[in-house]
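Heads up, the thing below is written out as structure tokens.
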Amino acid sequence: MQPEILNLIFAGESDSLELKTSIRDPILLAKLIGSFANGKGGKIVVGVKEPPEVVGVDDVLARQVYEAAQQRITPKPKTELSFIEAEGKRVAVITVERSSEIVLSDGRAFVRTGTMTKPMAWTQMRQHLPVEPSTSTIESLTKLIERKSTIIEGMDKRLEKSSSIKERAKEWGAALYLAS
């Protein structure tokens, strides 16, 4: 596996590979896992900085963050955490399989576009839905829609109270971004 992972690392980030020096935030890791599951799958390699250089990882911390991130994801995609030696240092490799259902991270759907992780647009969500979605997918998406609707309603009320055109434009821009 070592030559394969080194080839990946030195090829650089892509729509199926994310390189991280370290990862301490389970929210960020959950977004990354969800984005790969909603895309074509991929690997997250922790213990590598760019330009590609292996710096190593703390196994215990990486496992704790991985497990905490898993608790933020619904439904749980198929993932695997492994540790390997690369250039004499340990790196964490999180392999994420493509999911047949939309994977939500803290109630939000993300997708990998090139080397970026972005919120999934509703058109992408619609294309990603299986013919017969599971109950958990329907419940998760319903909660997401309810939350987005609440945000938009609140912004709409603030917009009505806004006094300047500039304030209104900012509110509408933010509302459109959140709705996508």
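Everything numeric here is computed off the predicted structure, so don't read it as measured data.
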Quiz item: What pairs of residues pass the salt bridge (charged side-chain N to carboxylate O under 4.0 Å, His left out) test when at least one of them lies in residues 19-32, not counting sequence neighbours?
Solution: Glu18-Lys20
Exercise. Would you mind listing every salt bridge (charged side-chain N to carboxylate O under 4.0 Å, His left out) that reaches into residues 62-77, with sequence neighbours excluded?
Key: Arg72-Asp106
Quiz item: What residues form a side-chain contact (heavy atoms from CB on, under 4.5 Å) with Glu53, not counting sequence neighbours?
Solution: Lys49, Val55
Quiz prompt | Partners passing side-chain contact (heavy atoms from CB on, under 4.5 Å) against Lys40 (at least two apart in sequence or in another chain) | solution = Asp15, Ser16
Using every non-hydrogen atom in the two residues, find where [X] and [Y] come nearest and quote the distance to one decimal.
X     : Y     : value
Val54 : Lys89 : O-NZ, 3.4 Å
Leu17 : Gly12 : CD2-O, 3.3 Å
Ala69 : Pro26 : CB-O, 3.5 Å
Val60 : Asp58 : N-OD1, 3.0 Å
Val91 : Ala86 : CG2-CB, 4.3 Å

Exercise. Report the distance from atom CZ of Arg112 to atom OG of Ser14, rounding to the nearest 0.5 Å.
Key: 7.0 Å
Quiz item: Rounded to the nearest 0.5 Å, how far does CG of Asn38 lie from CD of Glu101?
Solution: 10.5 Å
Quiz item: Taking the side chain from Arg90 and the backbone from Glu85, do they hold a donor-acceptor pair closer than 3.5 Å?
Solution: no
Practice problem: Using atom types as modelled and distance alone, determine if a side-chain donor or acceptor of Glu13 lies under 3.5 Å from a backbone N or O of Leu19. | Solution: yes
Quiz item: Tracing side-chain links under 4.5 Å among I, L, V, M, F, W and Y, which residues wind up in one group with Ile73?
Solution: Ile23, Leu28, Leu29, Leu32, Ile33, Phe36, Ile44, Val46, Val57, Leu61, Val65, Tyr66, Leu81, Phe83, Ile94, Val96, Val103
Quiz item: Who passes salt bridge (charged side-chain N to carboxylate O under 4.0 Å, His left out) against Lys78, sequence neighbours left out?
Solution: none
